[in-house]
K.L.:
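Okay, handing you the structure first.
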Amino acid sequence: MLHLYICEDNALHRQQLVSTIEKIILMENFDLTLKCATADPDELCSVASSANDTGLYFLDIDLHAEINGLELAQKIRQFDMRGFIVFVTTHSEMCSMTFSYKVEAMDFIVKDDIENLHQRILQCIQKAYERYSSPNNQTQPVFRISTRDREQCIPYDHILFFETTANAHKVLLHTYDGFMEIPGQLKQLELQLSSDPRFCRCHRCFLINCDHILHIDMKTHMVTLDNQETCLASSKGIKLLLHRPDSP
């Protein structure tokens, strides 16, 4: 999931940004979360760095803090190299400075232009979401789930395993946040994910992300993942797992 962050010291402007972004997420039905809205650059960095995922950042430049928005963007780049950074400020004359800080900003929005503000924010969110969910996103590949009313994007790193269900046309997708039933078949998913070496069909009922394997029990044929969930593995599946690089 793409996470959104706001750092704006003016409480009124911050609330306007929050309101605008929440309306856009609701109206466009994006699979996005507004993770943090704060006046404190340190708080934003703490929340964003612990999320361990790509972010979209809306930053004021003059934060009346120990660091300004440009310096905050530099700190963000230390833990989120491919994040999307947008400066929202009243200081249009500082636009050229963003280049000297080498933070690769996506956009520079002047907040005084109220009529244009909503549209510019919408465009930034749309562009960031399209890039994030693109199959060509090699820095953070994502698994796309399309349903009737929305599309979700789950980073491969967050996937623990897929499991068959009683319904031949549904599978369970397990992540650290829980599980969800999605349309598809395990055979189709195995083919779809075959280019990514971390995924392995270890059993007719399980397709697992090998990066999350904690332990393989040869006697019980049980595979324990790092969230303590378990999957079955066939004899053939165990051989596949044990011959993989960095196998437990």
Side-chain angles (χ1 to χ4, degrees), residues 1-5 24-26 28-35 48-56 79-84 125-214 223-233 237 240-241 244-248:
M1 179 182 293
L2 183 63
H3 293 147
L4 278 66
Y5 304 88
I24 289 173
I25 292 174
L26 182 63
E28 299 294 327
N29 205 18
F30 285 135
D31 182 29
L32 306 173
T33 297
L34 180 56
K35 195 80 169 177
S49 60
S50 62
N52 193 30
D53 205 348
T54 305
L56 169 56
F79 58 80
D80 190 355
M81 289 293 295
R82 304 312 305 164
F84 308 98
I125 292 176
Q126 288 175 328
K127 185 184 296 184
Y129 187 75
E130 288 170 3
R131 291 182 183 176
Y132 176 78
S133 59
S134 169
N136 297 321
N137 182 4
Q138 298 300 317
T139 59
Q140 179 63 291
V142 295
F143 182 75
R144 303 176 72 168
I145 305 168
S146 297
T147 58
R148 184 180 304 174
D149 57 348
R150 74 181 307 183
E151 180 180 87
Q152 290 179 267
C153 296
I154 302 176
Y156 282 6
D157 286 346
H158 294 189
I159 296 173
L160 295 167
F161 62 93
F162 298 90
E163 178 184 7
T164 57
T165 68
N167 187 331
H169 300 287
K170 299 282 187 179
V171 297
L172 288 181
L173 166 59
H174 293 252
T175 71
Y176 285 112
D177 297 322
F179 62 88
M180 67 183 79
E181 190 175 65
I182 63 173
Q185 296 177 308
L186 216 57
K187 186 175 182 179
Q188 296 171 338
L189 290 170
E190 181 184 11
L191 181 61
Q192 178 182 341
L193 298 169
S194 61
S195 61
D196 194 299
R198 79 190 89 182
F199 291 99
C200 179
R201 180 81 175 270
C202 65
H203 188 274
R204 61 183 177 84
C205 296
F206 293 96
L207 174 66
I208 68 175
N209 184 340
C210 297
D211 284 354
H212 296 299
I213 293 177
L214 185 64
V223 179
T224 303
L225 304 179
D226 53 18
N227 72 332
Q228 299 305 314
E229 286 192 84
T230 57
C231 301
L232 283 171
L240 288 173
L241 295 175
R244 296 172 65 86
D246 302 322
S247 61

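Bear in mind that the values here come from a model prediction, so they are computed numbers and not experimental data. Count residues from 1 along the sequence.
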K.L.:
Mark yes when over 12 heavy atoms from residues, nucleotides or ligands other than F79 sit less than 6.0 Å from its CZ; otherwise mark no.
P.N.:
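Correct, the count exceeds 12.
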K.L.:
Can you list the steps and then say if R204 with L232 is a side chain to side chain contact (heavy atoms under 4.5 Å, CB included)?
P.N.:
CA-CA 9 Å; R204 61 183 177 84; L232 283 171; over 6 Å; no
K.L.:
Does the side chain of L241 come within less than 4.5 Å of I208's, by heavy atoms?
P.N.:
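They are in side-chain contact.
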K.L.:
Can you list the steps and then say if D53 with Y132 is a side chain to side chain contact (heavy atoms under 4.5 Å, CB included)?
P.N.:
CA-CA 11 Å; D53 205 348; Y132 176 78; 3.5 Å; yes
K.L.:
How about NZ on K170, more than 12 heavy atoms from neighbouring residues, nucleotides or ligands closer than 6.0 Å, or not?
P.N.:
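Enclosed.
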K.L.:
Would you mind reporting whether I125 and L4 have side-chain heavy atoms less than 4.5 Å apart?
P.N.:
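Yes, close enough: below the 4.5 Å cut-off.
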K.L.:
For G55 and D80, which heavy atoms make the closest approach, and how far apart are they?
P.N.:
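It is N-OD2, 2.9 Å.
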K.L.:
Between F206, F179, F143, which is the residue that forms a ring pair (Phe, Tyr, Trp, His ring centres under 6.0 Å) with F162?
P.N.:
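Of the listed residues F206, F179, F143, the ring pair (Phe, Tyr, Trp, His ring centres under 6.0 Å) partner of F162 is F143.
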K.L.:
In this structure, which one of L207, L160, L189, I154 forms a side chain to side chain contact (heavy atoms under 4.5 Å, CB included) with L173?
P.N.:
I154
K.L.:
Under 30°, 30 to 60°, or over 60°: which ring-plane class applies to F199 and Y156, parallel, tilted or perpendicular?
P.N.:
perpendicular
K.L.:
Taking side chain as C-beta onward, heavy atoms only, is F161 less than 4.5 Å from E229?
P.N.:
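SC-SC contact between F161 and E229 confirmed.
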K.L.:
Could you tell me the separation between the SG atom of C231 and the NE2 atom of H203, rounded to the nearest 0.5 Å?
P.N.:
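Going from SG on C231 over to NE2 on H203, the span is 10.0 Å.
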K.L.:
Quick check: closest heavy atoms across Q185 and A168, and the distance to 0.1 Å?
P.N.:
CG-O, 3.2 Å
K.L.:
Distance check, rounded to the nearest 0.5 Å: L186 atom CG versus L172 atom CG?
P.N.:
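Between L186 CG and L172 CG, I get 10.5 Å after rounding to 0.5 Å.
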K.L.:
Look up atom CG in L56 and atom NE2 in H3, then write down how far apart they are to the nearest 0.5 Å.
P.N.:
12.0 Å
K.L.:
What's the spacing between M180 CE and I145 CD1 if we round to 0.5 Å?
P.N.:
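If I round to the nearest 0.5 Å, the distance is 5.0 Å.
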K.L.:
When you check the side-chain N and O atoms of Y176 and D157, is any donor under 3.5 Å from an acceptor?
P.N.:
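No pair is found: no donor N or O on one side chain lies under 3.5 Å from an acceptor on the other.
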K.L.:
Between L2 and D31, is a side chain to side chain contact (heavy atoms under 4.5 Å, CB included) present by the stated rule, with each step listed?
P.N.:
CA-CA 7 Å; L2 183 63; D31 182 29; over 6 Å; no
K.L.:
At their closest point, which heavy atom of T54 faces which heavy atom of R82, and how far apart are they?
P.N.:
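Nearest pair, atom of T54 first, then R82: CG2-O, 3.8 Å.
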K.L.:
Has the side chain of N209 got a donor or acceptor atom that lies under 3.5 Å from a matching backbone atom of I159?
P.N.:
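Pair found, side chain donor or acceptor close to backbone of I159.
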K.L.:
Are the side chain of T175 and the backbone N or O of H158 linked by a donor-acceptor pair below 3.5 Å?
P.N.:
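No; zero donor-acceptor contacts below 3.5 Å.
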K.L.:
So do H212 and N227 actually touch side chain to side chain, heavy atoms under 4.5 Å?
P.N.:
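The answer is no, as the side chains (C-beta and beyond) never meet within the 4.5 Å cut-off.
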